[in-house]
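To start, the structure under review is shown below, and the notes come after it.
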Amino acid sequence: MGVRGLRGVARKAAAVAEITYREALNAAMCQEMDRDDSVFLLGEEVAEYDGAYKVSRGMLARYGDRRVVDSPISELGFAGLCVGAAMSGLRPICEFMTFNFSILALDQVINSAAKMLYMTNGQVPIPMVFRGPTGAALQLSAQHSQACESYYVHAPGVKLVTPATPADAKGLLAAAIRDDDPVAVMEGELLYNVRGEVPDEEYVIPLGVAEVKRPGNDVSIVTHGKMVHVALQAARALEREEIEAEVLDLRSLRPLDVDAILETVAKTNRVVYLEEGWPFAGVGAQIVSLIQDEAFDELDAPVLRVTQADVPMPYAKNLEQLAKPGVKAVVEACRKVLYMEVGIS
Amino acid sequence: MGVRGLRGVARKAAAVAEITYREALNAAMCQEMDRDDSVFLLGEEVAEYDGAYKVSRGMLARYGDRRVVDSPISELGFAGLCVGAAMSGLRPICEFMTFNFSILALDQVINSAAKMLYMTNGQVPIPMVFRGPTGAALQLSAQHSQACESYYVHAPGVKLVTPATPADAKGLLAAAIRDDDPVAVMEGELLYNVRGEVPDEEYVIPLGVAEVKRPGNDVSIVTHGKMVHVALQAARALEREEIEAEVLDLRSLRPLDVDAILETVAKTNRVVYLEEGWPFAGVGAQIVSLIQDEAFDELDAPVLRVTQADVPMPYAKNLEQLAKPGVKAVVEACRKVLYMEVGIS
Amino acid sequence: MAPATQAPVKNGEAPAAGDERDPAASRLHGFSRDELHGLLADMLLYRRFEEKAEEAYAIGKIGGFCHLHIGQEGLAAGSIKPLRADDLVITAYREHTQAIAKGIAPRAVMAELYGRVGGCSGGRGGSMHLFDTTVGFYGGHGIVGGQIPLGAGLAWAIRYRGGDQICVCFMGDAAVNQGAFLESLNMSAVWQLPVIYVVENNGYGMGTAFSRVSVTEMEARSGAYGIPAHTVNGQDVLETYRFFEELAERVRGGAGPQFVNAITYRFRGHSMSDPVSGTYRSKEEVEAHVQGEDPITILRDRLMGAGLLTQEELEAVDAEARTASDDAAEFADASPLPDPSTLYDHVYAEINPHGRLFLDGRPGAPGSGPEGGGRG
Amino acid sequence: MAPATQAPVKNGEAPAAGDERDPAASRLHGFSRDELHGLLADMLLYRRFEEKAEEAYAIGKIGGFCHLHIGQEGLAAGSIKPLRADDLVITAYREHTQAIAKGIAPRAVMAELYGRVGGCSGGRGGSMHLFDTTVGFYGGHGIVGGQIPLGAGLAWAIRYRGGDQICVCFMGDAAVNQGAFLESLNMSAVWQLPVIYVVENNGYGMGTAFSRVSVTEMEARSGAYGIPAHTVNGQDVLETYRFFEELAERVRGGAGPQFVNAITYRFRGHSMSDPVSGTYRSKEEVEAHVQGEDPITILRDRLMGAGLLTQEELEAVDAEARTASDDAAEFADASPLPDPSTLYDHVYAEINPHGRLFLDGRPGAPGSGPEGGGRG
Ligand SMILES: Cc1ncc(C[n+]2csc(CCOP(=O)(O)OP(=O)(O)O)c2C)c(N)n1
Ligand SMILES: Cc1ncc(C[n+]2csc(CCOP(=O)(O)OP(=O)(O)O)c2C)c(N)n1
Ligand SMILES: [Mg+2]
Ligand SMILES: [Mg+2]
């Protein structure tokens, strides 16, 4: 991991510690709240309960109830309140218990946060963060298992990052908080316990820089968020067949590291896009469109996409497993873009 | 127009009349309300005011206030109320004054309407229509000029049609009302006054059947909704350069007439996708993805997309014109996929 | 302070046995001995059923979120049992016992929790999405407040058709802070819909006491729309039953929408992953409620006090409840997982003959499900 | 019935001149002659300004939606003029006169309506999105109810910083049926934010009388959250001014959120495309209000009745208003259209050095705007 590096932009940190993704998010918020009093955290259960997923553990005690605030279950209202606070220059971190519930708040995200700077001719930036888990966990059924990237990335005006590792969680969330635009930080319930090395000291990863999480020459698995781990598993499976897959983690969907995408396309000429969400007008559709537009002649095969099955998420364990994009589907897609026989392994 | 025909599925109507798109929508609703008492119309200003855009003119007088109902300005609430009524078997037509405002209601569209049938294991169909204008009219600025297709088409469970002509307006809206699934019917404020021939008698166009609005052999302009007219204008401009553009109007985005898309690709080998909305994860992205996946070898050039500029819609007349996808951009894109010099005409 | 926390029982304090016993002995509050035993049996069934579910969850037979109603059974029985079979009920995600009360077989509920084909939603819905429209149970909704407009819509449909059913729409106390509450109550009032909105006021939304997210009492919330507010002690099943019996008939008769603040208490954590007590409520608080406000104990004591229930009878009723719960679990366990080929079923009601409905490269015909994900 | 329709003036009936005149002559309601002339001049400016806008719209100089405030000027002056310069105002789309009242120059407002660079939003916002944060005017929002949570947020920020400003958040009568109203008022009450929510109750949301979408009176709407409700006659600028002057200081002093039902009436159609009368209100109703409830006429008559205004003075004030409006229109007309190269400006505050922000094939550098649309 980390092979491609950060193009020299991120601050190089000496000391690292192995912590969880959850702790990394917590560390990023504390890092930024320590340096800037205008940063505050607001959402359901974030204070007294330490967060529904314990991401804000200890923060109420540390910062008090002025800056760590439990809100009523009023997604549209508290998201809008945060946008309003940002209009006057504060830097709210608006936690959605999960992004599923943020569909209720989407009007404030799109019509207020995303469009504000433009329609005020630059007078009113919205320096805030929307964060929380997106996508499926385990058997949470149709209304609690939706990947929400498409809804946040379609409208210009919002940025979107999807950290996959603890280090990225810290660095990207910190960058999102410092950013002068509204940034959605989409996490994963199933990622919170993932452990990894994270720089101890101040750590910020610039938005818009993808990372090759695993180098390879034969086929590129481009992906983001939680699916990075599925891609890495698939790459390990392919390794056994002597196929070297490169795993490119976009990390940021807006801004999008187009150069990194074109680089990996040029390197392997074969691409699979893997994402957790539905296919129709998903993120992968845009990536395919971009690649065919800008690297049409570099492709040796159509870009294949692996997505959630185009159905609402079922509850039953077996159906859920079928519906989720899995290692097997990725491996088969990779074999297919390599014009190998499919369905053997 | 109508060259490709309806695959013999639509009822052939003898008598036609030239009416407006607005009148055609009205005719479709009356046609269906006459034959089925479970159909009703609910929305802001639809009754006493005859509709904000006068689409429901005369319907209150004809059907009474049991079936033509003015609602408070409560998009989430009345959309949800309609879904609830549909749960018990009624067939609501839920009018959004414009789809811009329906972002407030999106939770009920996605989490209730789209997912209901699935999570009830087929027990509770949602036979309803969401309808109203989408996209920009003239100088309505950022919050009133959004094309909302992506938000409605991403989640499986909702169908989406985008009539471009009066005849399509009548036939597709009628089909949408009869359909047992939730169907979004996205109209256009700038289309309401468009005139065209519409069958007088019962008229239904099956969902999922695209129509070649203009045949041509050199390049395909694939599009939907209001942009069909821009495509036809572009085709006429190209004709002057002896380029014969085919204009394929998808009419329905879910279900999607993939055969029709592949046919036109096979015919011209060069495609431009034109849409009113933003590019990132737009409908066009999906169409590109589909074409490169299923007709990779048929393409002589990358599929180009013409979309709204990736900015919130500005108010100023000149900026708005720049931001909207226009004839010139389509013509240039067509010339580009034909590898002709661009920027001359 | 949330009502449930400070003063769990606001009114309807149990009168002395002498006051409530009918002159014709062997009746209480007008209920016959059989009816009383029936209510006791109902509540015991709910309790044992959920204890069984708790066990099954612990050993991984049930997954996902699982929100137990334990402690709130008086409300389930007292509000749903007086309804007519063709009345409609819609609710949130803490709905196992409400589903059983409305008439879904414990087997079908348990199998749904197990995610099996025998479940009332075919295994696709799970704990939060129990449905059986044949008994008038319209789910089972997971977005807080999401069911409120839907409930208004069900009531709308009743009125539209000129029927005389009513709709009962349940929600948690935290749901009244969702905008959907305002919009739905207002429309219900404007259109005089036959709907009763019932807040199951257990004092907390997850870890947040109602008093921390509201400066007013619950009763104040419906007046803005001209909807009458009522308070009922949900731990007293007899009071609750009589109350809903009467209110349902009034609404059936055209009284228009009503708002009920039903005081209750949740004996378990918010869901299986939330400890029973800890950060947001003390062990003592929970203990006090379990001791003093258990709807089952309250009814049992009254029946025994009135000489309408013996220890043996109680044990027999309880044994039956346990047997039914075990049976439900056995049924669920034996019920197969859904057929993988049905993955794409029921996304759409009409499989349209034209075009492609599913955009992952599969035509959507049943049986064409992918092995792990779709393809864009 | 909507208040404005039935009884446009609910309280604050103008007392006889003798009652209101100060012992020290040449004062009325405690206002000095200069102050009174100032308020008259303000309202006349708003009126003439919007009449000018109406003209400009008719000849196509202004496009899109254009919602005039004519008839409601008493409220604009009476509620905003008593505020401090550093107090914040946020509102909906019928905001031309509110913007001027808070301190945006008529030139900058008119140029915005014209869509020119000299506009207060650089021509990008238009009539519905007037902004100037340097005078505390935070827009200008087009989604009905959308500004209500934003207003709560502005007030939140004041409290967060320990400031003593207040936020005044305006909305139309129809906006109180949006869920955002409940959520915002509730949060404001829970957190005791320094905000005044003002309903400009002109009796109609577009073509719908308030009475058709509410069974309660407006005053009933805020009690659910424990927020005090007040009613003021917005056609009486003096009453309105004194009322807001006092309320603003109370809120500044920590009284918490307030709700004001300001009775007013719109003399024009909902927007330029809506006829003044017709389907939803009769010609007679409008005429009666124009005759009896014009805030400018009311003040004029009182001043004249009290001997505080002569016909010549009135004409001079009016001439000034007309001159200022003409000047604004001339300025607007002379102001250039925005530079096409700025199309991609201000979508993001930070043009990130990494990656692509704009997905239509253009890197987003200023000056790279497309000729008609982007490219996916
Ligand atoms: C819109 C939305 N926001 C947040 C959640 C997460 N959540 C699930 S239940 C719950 C608490 C609801 O409390 P209450 O309404 O009082 O019902 P109870 O659980 O006490 O029965 C929360 C916050 C959700 N499901 N939906
Ligand atoms: C969410 C939303 N729904 C609908 C509309 C269309 N619309 C614009 S103004 C309006 C009426 C609002 O009336 P009111 O709040 O009373 O304000 P007034 O126009 O009387 O000042 C409507 C329905 C909108 N802009 N936003
Ligand atoms: Mg609760
Ligand atoms: Mg109004």
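All values reported here derive from a predicted model rather than from experimental measurement. Values below: every heavy atom of this structure, side chains too, minus hydrogens, waters and symmetry copies. Per chain, numbering begins at 1; letters A, B, ... match sequence-line order.
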Any side-chain heavy atom of Leu250(A) within less than 4.5 Å of one from Ile261(A)? yes
ring-ring contact (aromatic ring centres under 6.0 Å, His included) filter on Phe40(A), not counting sequence neighbours, yields Trp156(D), Tyr160(D)
Just checking heavy atoms, which of residues 123-133 of chain C are less than 4.5 Å from chain A? Gly123(C), Arg124(C), Gly125(C), Gly126(C), Met128(C), His129(C)
Ignoring hydrogens and angles, state whether a donor on the side chain of His270(C) or Arg94(C) is under 3.5 Å from an acceptor on the partner side chain. yes
Using non-hydrogen atoms only, which part of Tyr114(C) is less than 4.5 Å away from chain A: side chain, backbone, both, or neither? backbone
Heavy-atom cut-off 4.5 Å, strictly under: side chain, backbone, both or neither for Phe65(C) against chain A? both
Mind checking whether Phe280(A) and Asp360(C) have side chains closer than 4.5 Å, heavy atoms only? no
Does a salt bridge link Arg266(C) with Glu200(C), judged by any charged N lying under 4.0 Å from a carboxylate O? no
Pair Glu44(A)-Thr208(C), side-chain donor/acceptor within less than 3.5 Å: no
Return each pair, listed once, that meets side chain to side chain donor-acceptor pair (under 3.5 Å) where at least one residue sits in residues 52-62 of chain A; pairs must be two or more places apart or across chains. Asp34(A)-Arg62(A), Tyr53(A)-Glu189(A)
Proximity breakdown for Arg116(C) and chain A, heavy-atom pairs closer than 4.5 Å: neither
Looking at Asp70(A), Ile73(A), Leu140(A), which one has more heavy-atom pairs under 4.5 Å with chain C than the rest? Ile73(A)
Decide, yes or no, whether a salt bridge links Glu48(A) with Arg212(C) under the criterion of side-chain N to carboxylate O below 4.0 Å. yes
Answer yes when Glu320(A) and Lys317(A) have at least one side-chain N-carboxylate O distance shorter than 4.0 Å, and no when they do not. no
If contact means a heavy atom pair closer than 4.5 Å, which residues of residues 143-153 of chain C contact chain A? Ile143(C), Val144(C)
Quick one: what part of Ser145(A) sits under 4.5 Å from any heavy atom of chain C, side chain, backbone, both or neither? neither
Does the side chain of Asn100(A) come under 3.5 Å of the side chain of Gln146(A) through a donor N or O and an acceptor N or O? no
Could you verify whether a donor N or O on one side chain and an acceptor N or O on the other, from Thr91(C) and Glu95(C), lie under 3.5 Å apart? no
Just say parallel, tilted or perpendicular for the rings of Phe96(A) and Phe78(A), cut-offs at 30° and 60°. tilted
Does any backbone or side-chain atom of Asp274(C) lie under 4.5 Å from a heavy atom of chain A? Answer side chain, backbone, both or neither. both
Under 4.5 Å, counting heavy-atom pairs only, tell me which of Val288(A), Val272(A), Asn318(A) racks up the most with chain C. Asn318(A)
Heavy-atom distance under 4.5 Å to chain C: side chain of Leu104(A), backbone, both or neither? side chain
Look at Arg305(A) together with Glu275(A) and state whether they make a salt bridge at an N to O cut-off of under 4.0 Å. yes
